[in-house]
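Presented below is the structure to which this report refers.
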Amino acid sequence: MEIPSKFSPQTIESKWYEYWQKNNYFKSVPDNREPYTIVIPPPNVTGVLHMGHMLNNSLQDIIIRRARMRGYNACWVPGTDHASIATEAKVVEKLKEEGIEKDDLTREAFLEYAWDWTNKYGGVILEQLKKLGCSCDWDRTKFTLDPDMYESVIKVFIDLYEKGQIYRGFKIVNWDPKAQTTLSDEEVIYKEKTGKLYYIAYQVVGSNEKVIIATTRPETLLGDTAVCINPNDDRFIHLKGKHVWVPLTKRKVPVIEDEYVTMDFGTGCLKVTPAHDLNDKALGEKHNLEIIDIFNSDATINEKGLDYEGMDRFEARKKIIKDLEAYGSVVKIESHIHKVGTSERTNEIIEPRLSYQWFLKTDNISKPAIEAVLNSGEIDMFPEKFKNTYRHWMENIRDWNISRQLWWGHRIPVYYYGDGNEDFVVAVSSQKALLKAKEKTNNQNLTLSDLKQDEDVLDTWFSSWLWPISVFDGIRNPKNSDVEYYYPTQDLVTGPDIIFFWVARMIMSGYEYRKEKPFSNIYFTGLVRDKKGQKMSKQLGNSPDALKLIDIYGADAVRVGLMLSSAAGNDLLFDENLCQQGKNFANKIWNAYRLIEGWKIDENINVSSSTKEALKWYKNKFEKTLVFVDENFEKYRISEALMSIYKLIWEDFCSWLLELIKPNYGQPINIETYNKIIVLFENNLRLLHPFMPFLTEELWHFIKNRKSNEALAISSWPSINEFDSNTLEEFEKAKEVIVGIRNFRKEKNISFKEKIDLFVSKSSSILPFEASIMKLGVVSTISYGGAPKDVFGRSFRVGTFELFIPSNSLEDSDTERRKINEELTYAKGFLASVEKKLLNKSFVSNAPEDIINIERKKMSDIKQKIILLEKSLSAL
RNA sequence: GGGUGUUUAGCUCAGUUGGUUUAGAGCGCUACCUUGACAGGGUAGAAGUCGGGGGUUCGAAUCCCUCAACACCCACCA
């Protein structure tokens with residue numbers, strides 16, 4: 001035999017991947033078939049494959065491979081994301097290692113360095129996806145900074161600006177002092193921290209009185225421009241219209257009144273720092289307060305901060321408290337638990353900062369996106385619970401801060417020609433900008449050197465929100481044949497953590513730019529956790545090396561391992577044992593084929609009855625399973641689909657069908673049976689292919705030499721045929737009889753080589769699947785009409801059948817009696833519960849007819865069984 | 001502070017508009033078997049008062065209320 005007894009994935013995986021690629025099976029161009037499209041959630045260009053990617057991309061591959069087999073024009077578009085903050089941070093760090101500071105480089109030099117880095121490491125992850133077996137159309141690979149993608153992003157910015165949806169605003173934004181950029185609200189993570197609440201005394205001007213103010217951020221008093229009380233608060237009523245001295249400064253600020261102040265928090269008296277707090281900013285606008293910004297961009301104190309200039313904000317806090325204590329101005333310090341905003345990327349504490357930024361209005365574009373998910377049902381989410389999350393966010397959505405003070409990204413197409421708030425134009429290039437500026441200013445003498453392009457780039461998500469459109473060039477050329485054919489896509493497979501960052505925004509951009517949803521179904525995967533339930537992360541070091549897993553178990557096994565326990569939206573507690581299970585499964589199928597392949601074929605041999613029975617049963621079993629698999633795919637219950645295929649192959653095909661059909665050792669098999677088995681085996685491979693592409697393709701080609709248009713990857717998914725459930729039920733009964741015989745052998749220690757005789761009580765019907773029972777029970781004769789008299793043996797019952805097997809060994813009647821009594825107790829208890837139901841008048845009058853009939857059938861069945869049992873008992 | 005989920009066998013989870021024998025699967029566990037596909041195998045078995053309490057119903061793991069534990073999301077109370 002040439003086939004090795006163990007399946008070794010390592011030797012075949014690259015072979016088949018190359019074969020698929022060479023034959024362009026994954027390539028898709030528009031044709032007259034229906035399209036089935038998935039766009040990949042683009043991983044960070046400098047990222048490496050981790051467990052989350054493996055889960056996410058295995059799912060996409062399973063879905064797209066099945067679609068391909070079902071005859072759709074399947075198109076899976078791969079690509080990577082430039083991930084501006086993350087990548088820029090990596091590059092800055094790398095430069096630092098080489099002793100270079102970002103500030104010492106020009107923008108151009110820095111970008112050159114970043115591109116070198118990207119070209120060197122970028123796309124590694126895409127190669128790793130190939131190892132996993134991902135059937136992407138690699139000719140369509142996109143990068144969010146590709147020139148055409150760049151143009152699309154800029155075009156959208158200009159368009160939205162011209163529609164009045166994008167504006168420049170002077171607002172409090174989330175500032176990351178480490179990355180030196182603003183962040184969107186979604187990029188801020190609130191972490192619970194124990195801080196301190198400082199009670200500080202402010203001297204009232206022209207009085208001996210002091211007011212006490214509670215604050216968590218005493219250093220910001222340098223920027224205080226008012227003190228606020230609640231007009232309904234009797235305690236402070238006398239302070240109306242007065243001023244107070246800001247401690248340590250020589251400034252006096254007004255006492256203002258606003259109902260915003262909570263009377264029972266802190267002291268009921270609030271210091272107002274419009275430059276450094278969102279609420280204070282609002283108060284400041286309402287009451288026309290001065291704004292004093294006391295921080296530099298790195299969160300050190302600036303020249304407004306008196307002696308504290310140059311100090312870090314936390315250092316300054318300590319010093320200020322010390323100085324205040326020296327003046328006796330600190331009344332008390334309490335420990336205080338509160339949530340502190342931190343940067344998702346750098347972990348740095350966010351500084352609310354007032355600055356000019358670019359914003360996208362969201363109230364209009366969010367409307368159709370809400371409608372599509374929550375009302376019209378155009379977009380489905382799996383699991384559905386995420387619709388709630390989505391609704392909540394969408395209904396409370398705020399304008400999106402899209403500018404970032406970074407270099408790595410799409411530079412904002414805004415050109416300033418002066419210092420005024422309105423002294424800018426928005427244009428696709430500097431030349432166009434010049435024309436616009438000349439027109440706007442009526443100054444024909446302007447030159448390019450008078451224009452200064454905005455230094456900032458756009459939020460990464462401002463490019464990825466266009467992804468399903470821009471990968472098909474649908475922004476630049478909205479009528480091109482690709483986008484018209486592939487858009488909208490079918491499925492999006494992603495994590496719930498980016499539902500706001502990305503999913504919601506793609507839906508918004510889809511309706512804005514295509515007047516259509518970007519995808520029909522969203523499958524949210526869970527987080528991959530370790531066995532203890534901890535999130536897998538680099539920091540914890542609990543994440544297995546994805547590629548190493550593929551090396552050890554094979555890509556197919558890892559995919560199976562991941563799929564076996566990952567219901568949509570549920571976190572997945574990853575256990576390497578699951579990969580082992582996948583590997584075992586691969587080996588099982590491998591050996592099933594080895595068995596079949598080893599049979600000698602004979603054209604003249606007759607087909608046995610057991611073979612006929614077995615083939616008839618398995619055909620029905622397969623059809624039933626196929627229906628179940630298809631249904632589960634429709635509901636995105638991928639793990640359920642896989643489990644049913646797993647059981648079909650392992651139990652039904654290997655343990656029952658092959659055992660029934662297997663010729664005796666050295667005996668040949670009938671050629672027709674052999675051919676039928678091969679077809680059945682091929683159909684199994686079809687079902688399994690999306691999950692285990694490499695193994696199945698390998699076996700597919702082992703079976704016979706296939707031409708390049710006969711590869712499994714592009715073969716067909718089985719079509720559904722009717723099945724007879726009666727046949728399936730009867731086979732289940734036959735199995736029970738076989739199990740009974742096996743039990744008997746085990747208890748009597750009778751070897752499987754020794755044939756037995758089986759007697760069936762004078763039952764009106766004959767046993768179903770008699771030949772199968774004889775073969776797998778190793779039975780020489782089946783006789784009806786009850787057990788012979790004066791013969792020792794053991795009886796057992798299956799449904800309404802009573803069976804008897806004679807045995808030479810002396811019967812232990814006590815054991816027998818005990819067994820029957822146990823069965824009897826169960827049966828009587830069961831009968832009682834059924835009778836109780838049927839004697840209940842309200843049940844009989846209220847329950848539907850078919851339910852009552854089921855109960856009646858249960859009752860008559862169990863009564864018969866009780867009679868059988870009692871008869872057996874008295875016979876002993 | 002608000003919201004959404006979860007809680008079923010040792011572990012991970014199904015249980016699909018309440019009714020198909022007094023709850024299922026995979027893994028694990030136990031016993032035995034196994035030199036003719038596979039020990040990465042086979043056969044069988046044990047194992048759960050469906051988180052607690054209350055209610056609706058002829059009937060509840062499934063619907064309602066309540067309590068508890070856990071998880072996640074959202075939020076500008078200094």
Side-chain angles (χ1 to χ4, degrees), chain A residues 1 3 5-7 172 190 197 213-217 220 228 260-262 264-273 277-282 336 338-339 341 352 383 385-386 388-389 392-393 396 496-497 499-500 527 531 533 564-567 569-573 575 577-578 580-581 583-599 631-632 635 637 639-640 643-644 646-647 654-655 658-659 662 664-666 739 742-743 745-747 749 751-752 826-827 829-830 832-834 836-837 840-848 850-852 854-855 857-859 861-862:
Chain A
M1 194 183 294
I3 310 177
S5 74
K6 281 177 185 168
F7 169 60
I172 294 265
Y190 288 89
L197 192 59
I213 281 152
T215 179
T216 53
R217 300 203 57 195
T220 60
C228 189
Y260 161 74
V261 179
T262 315
D264 54 10
F265 184 87
T267 60
C269 192
L270 176 73
K271 71 189 212 47
V272 184
T273 322
D277 185 278
L278 195 55
N279 302 306
D280 292 9
K281 168 81 187 330
H336 177 65
H338 62 153
K339 300 263 178 137
K385 65 180 178 188
F386 287 111
N388 286 325
T389 315
H392 186 259
W393 189 75
N396 294 287
D497 50 333
I499 185 167
F500 310 133
L527 279 174
K531 264 202 279 191
L564 275 178
S565 69
S566 77
N570 283 355
D571 286 356
L572 159 64
L573 269 62
D575 182 346
N577 288 335
L578 290 169
Q580 184 60 48
Q581 197 182 338
K583 197 176 176 189
N584 293 354
F585 184 44
N587 199 55
K588 182 76 187 177
I589 302 160
W590 185 256
N591 277 289
Y593 182 67
R594 279 181 69 224
L595 172 69
I596 298 167
E597 198 268 348
W599 287 335
E631 279 174 1
N632 279 297
K635 297 179 202 154
R637 295 159 63 128
S639 56
E640 295 265 313
M643 185 46 78
S644 63
Y646 178 92
K647 284 194 283 188
C654 294
S655 300
L658 290 183
E659 291 301 328
K662 192 193 250 181
N664 290 333
Y665 182 63
V739 165
R742 283 172 175 167
N743 265 325
R745 285 178 184 277
K746 193 176 173 186
E747 276 165 35
N749 219 356
S751 142
F752 269 90
Y826 176 89
F830 183 69
S833 80
V834 178
K836 195 179 150 197
K837 265 191 202 172
N840 185 333
K841 272 185 193 156
S842 9
F843 172 72
V844 181
S845 54
N846 288 325
D850 50 330
I851 297 296
I852 297 173
I854 287 167
E855 293 302 317
K857 175 84 167 42
K858 278 189 203 169
M859 183 160 80
D861 282 358
I862 202 72

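All of these numbers come straight from a predicted model, not from anything done at the bench. Throughout, protein chains are lettered first and strands after them, A, B, ... in sequence-line order, and every chain is numbered starting at 1. Quick note: numbers below take in every heavy atom, side chains included, and nothing from hydrogens, waters or symmetry partners.
- For Lys746(A) against rC32(B), no side-chain N or O and base N or O form a donor-acceptor pair under 3.5 Å.
- In this structure, the side chains of His392(A) and Asn388(A) stay at 4.5 Å or more apart for every pair of heavy atoms.
- The closest side-chain heavy-atom distance from Asn591(A) to Phe7(A) is not below 4.5 Å.
- Going from the C1' atom of rA61(B) to that of rG19(B) covers 13 Å, rounded to whole Å.
- Residues Lys271(A) and Thr220(A) meet the side-chain proximity criterion, which asks for heavy atoms closer than 4.5 Å.
- When the C1' atom of rG15(B) is taken as reference, atom NZ of Lys635(A) falls 12 Å away, rounded to whole Å.
- No donor-acceptor contact under 3.5 angstrom links the side chains of Thr273(A) and Lys281(A), judged on distance only.
- For Phe843(A), whose side chain is taken as the heavy atoms from C-beta onward, the closest listed nucleotide among rC58(B), rA37(B), rG42(B) is rC58(B).
- The side chain of Gln581(A) sits closest to rC27(B) out of rA44(B), rC38(B), rC27(B).
- Pairing for rC58(B) is with rG19(B), a Watson-Crick or G-U wobble pair whose two hydrogen-bonding atom distances lie under 3.5 Å.
- Under the Watson-Crick and G-U wobble criteria, each requiring two contacts below 3.5 Å, nucleotide rU6(B) is paired to rA69(B).
- A 3.5 Å limit on both hydrogen-bonding distances identifies rC29(B) as the Watson-Crick or G-U partner of rG45(B).
- A donor and an acceptor atom never sit less than 3.5 Å apart when one is taken from the side chain of Ser842(A) and the other from the base of rC58(B).
- Base pairing of rC38(B): no nucleotide in any strand meets the Watson-Crick or G-U wobble criterion (both distances under 3.5 Å).
- Counting distance only, with no hydrogens placed and no angle test, the side-chain atoms of Asn840(A) and the base atoms of rC58(B) include no donor-acceptor pair under 3.5 Å.
- Across all their heavy atoms, Ile499(A) and Phe386(A) have their closest contact at CD1-O, 3.9 Å.
- Nucleotides rG2(B) and rU66(B) have their P atoms positioned 14 Å apart, rounded to a whole Å.
- Across all strands, Glu659(A) comes closer than 4.0 Å to base atoms (heavy-atom distances).
- If you check every strand for non-hydrogen atoms under 4.0 Å, Asn846(A) touches a base.
- Across all strands, Glu640(A) comes closer than 4.0 Å only to sugar-phosphate atoms, never to a base (heavy-atom distances).
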